[in-house]
Amino acid sequence: MSDVAEAGTGRRSRGGGGAARRAERTAVSVETARFIERNIPNFEVLNEEALQIIEHNAETVLEEIGVNFVENPEALERWRDAGADVQGERVRIPRGLARQLCSTAPRTFTQHARNPERNVEIGGKNLVLAPVYGPPFVRDADGGRRYATIEDFRNFVKLGYMSKWLHHSGGTVCEPTDIAVNKRHLDMLHAHMTLSDKPFMGSVTAPERAQDSVDMASLLFGADFVQQNTVMTSLININSPLTFDGIMMGALEVYARNNQAAIVSPFIVGGAMAPVSVGGTLTQVLAEILAGVSYSQLVRKGAPVIAGAFVTSIDMNSGAPTFGTPEASHITYGAGQLVRRLGLPYRSAGAFCGSKLPDAQAAYESANSLNMGLLSGVNFMLHACGWLEGGLVSSYEKFVMDADQLGALHHFARGVDLSENGQAMDAIREVGPGGHYLGCGHTQANFKNSFWRSDLLDYKPFETWEEEGGRDTQALASIRVKRLLETYRQPDLDPAIRESLDDYVARKKAEVPDAFL
């Protein structure tokens, strides 16, 4: 079924049959697939000895080298009270302490959406897919590459809402540069809350903006509900190597105190922010995860956390990040094993590529990265669609190309059906030697759901394809983007809640002058 499904399946009356059929074709309903529940095993690259070596080395890093918590006296005091050795801004954590603190973080948790049918379960065997995060530029077939605006941001939220295989609205799907830096988070949150009813992410660019996120979520869900349930995730990047800055930790503190989830995520470009070796990188990643997650538990025991890493390698000639590489795969698979041993939900992977266009390079690199994420046991995949040019660009066409391919992940994750129906012995008996299966009963009963089918890629005969203009995938994606935006319908929202959100944004914007730094 397509992302924009034709609505109306009831029996038609005799009168007005043609009108009823036309109404069915034009009515729009948005279908969202349930988050992925894996029925396939995780792929593991590290044996028990390797895991123990990396875990031992990570504890040694924390104990002997330590990590920096900069511009955050409260964090240093918390660590001192917990038993760490604090000298200046350097925190050295005794062996075993960080792992003990991490044990209070939940293995799984529910992130609630304003539409309860869109709630997601993060952790265990589940995989939640969220769109690209952070690019300052956008690209489409008509306008080319340009700075992102709030109109672009709202369009990407709409596309995410309309995409069947995306479970999550994400966060900074692009950076709206036409809005003041100190105010744009308000417009971004407002867009997620009003233009979609999927789960979303809060702001992390300053502690006070994290608090605005909590306050706006309290208007949307109710203050008591927010304090008792998780309604937001937030991306807390670690300044690798081994540095936790005051802004990110300040945002984490706000979310942890209010029972909201933080993605504690080292930002790793191998050879620049971590060692060039896979083992060395995994050691640093684990040390940073242990320190970050344990700190969230010092703020509030039991606060929900997702642990993981953004991982890429580097081209040693140009210095540019590279994607879809074997080394990044090794790190992603290994980090998944280490995080699961901590008993935490895992974040990594995405539709990564370094290409400037949604072309063959983008497809190869993104396919490698997406499949790596599925097989490594990722529970929350940010950047699952729309990423282009090493994360500098949110691409309209690539957004729908990637979102379409996420359907293949859903179907692969189902595993192999060996029920009586799945064994298909009745079909084999019915057809026998030399026959065909197109008309047999088993095929007729199962053909609608047996195979995943792209809603975007072209499977037509050459002659038909040529008559229709010989369009490539980017051209088909451009048409799909326009169709989705044209047929978008805003999900219902209580007018009183909408008014309260409008008033909050207007009031907060009026309180301070614009700042673009």
Side-chain angles (χ1 to χ4, degrees), residues 36-61 99 102 107 123-129 238 240-241 263-290 293 306-316 321-354 364-384 408-409 412-413 415-416:
I36 292 174
E37 297 176 82
R38 290 181 183 83
N39 287 310
I40 56 174
N42 296 318
F43 185 79
E44 299 186 340
V45 297
L46 301 175
N47 61 25
E48 180 63 26
E49 181 184 9
L51 291 166
Q52 290 184 17
I53 289 172
I54 292 168
E55 289 172 339
H56 175 84
N57 289 348
E59 295 274 9
T60 300
V61 169
R99 188 172 291 271
C102 288
R107 286 181 167 272
K125 293 186 175 182
N126 303 328
L127 171 56
V128 174
L129 300 168
I238 297 163
S240 302
I263 304 170
V264 175
S265 188
F267 186 93
I268 300 296
V269 179
M273 291 125 165
V276 294
S277 67
V278 170
T281 296
L282 284 171
T283 295
Q284 182 183 305
V285 164
L286 180 57
E288 291 175 344
I289 286 172
L290 284 166
V293 172
I306 305 169
F310 171 88
V311 179
T312 181
S313 50
I314 193 170
D315 182 281
M316 287 300 182
T322 54
F323 301 92
T325 62
E327 295 76 21
S329 294
H330 285 149
I331 295 166
T332 304
Y333 290 128
Q337 292 178 256
L338 294 165
V339 170
R340 283 191 292 277
R341 284 162 72 96
L342 282 173
L344 296 170
Y346 178 41
R347 173 260 164 146
S348 198
F352 298 142
C353 69
Y364 281 127
E365 293 175 345
S366 295
N368 286 344
S369 299
L370 288 171
N371 286 315
M372 167 189 75
L374 177 68
L375 296 175
S376 65
V378 165
N379 300 119
F380 188 91
M381 187 189 292
L382 198 56
H383 312 301
L409 298 190
F412 186 77
V416 177

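Treat the numbers as computed from the prediction; the structure is a model and nothing was measured. The figures here come from the full heavy-atom set of this structure, side chains too, leaving out hydrogens, waters and symmetry mates.
Looking at heavy atoms from C-beta onward, L282 lies in side-chain contact with V278 at the 4.5 angstrom threshold. Using a 4.5 Å cut-off on side-chain heavy atoms (C-beta onward), T312 and F352 make no contact. Looking at heavy atoms from C-beta onward, V416 lies out of side-chain contact with N39 at the 4.5 angstrom threshold. Residues P266 and Q284 are not in side-chain contact: their nearest non-hydrogen atoms beyond the backbone lie 4.5 Å or more apart. The side-chain heavy atoms of L290 and L342, taken from C-beta on, include a pair separated by under 4.5 Å. Looking only at side-chain heavy atoms (C-beta outward), L375 and I40 come within less than 4.5 Å of each other. A 4.5 Å side-chain heavy-atom check between R38 and V378 finds at least one atom pair inside the cut-off.
Using cut-offs of 30° and 60° on the angle between ring planes, the pair F267 and F310 is parallel.
Across every non-hydrogen atom of L370 and A384, the tightest pair is CD2-O, 3.9 Å. Taking both residues in full, the closest heavy atoms of A309 and S348 are given as O-OG, 2.8 Å, listed atom of the first, atom of the second, then distance. The shortest non-hydrogen separation linking I268 to S240 is CD1-OG, 3.6 Å. Nearest heavy-atom pair across T281 and P275 is OG1-O, 2.8 Å. Considering all non-hydrogen atoms of both residues, G271 and V276 come closest at CA-CG1, 3.6 Å. Between A307 and I289, the shortest heavy-atom contact is CB-CG2, 3.7 Å.
S369 places no side-chain N or O within donor-acceptor distance of the main-chain N or O of A349, the cut-off being under 3.5 Å. In this structure, the side chain of N379 engages the main chain of G124 through a donor-acceptor pair within 3.5 Å.
Between the OG1 atom in T325 and the CD atom in E365 there is a gap of 9.0 Å [rounded to 0.5 Å]. Here M273 contributes atom CE and I238 contributes atom CD1; the two are 12.5 Å apart, rounded to the nearest 0.5 Å.
Remark: E49 CD is loosely packed, at most 12 non-hydrogen atoms of other residues, nucleotides or ligands lying under 6.0 Å away. More than 12 non-hydrogen atoms from other residues, nucleotides or ligands lie less than 6.0 angstrom from CZ of R341.
Residues satisfying the ring-ring contact (aromatic ring centres under 6.0 Å, His included) criterion with F380, sequence neighbours excluded, are H168.
For residues 326-338, there are no side chain to side chain donor-acceptor pair (under 3.5 Å) pairs, not counting sequence neighbours.
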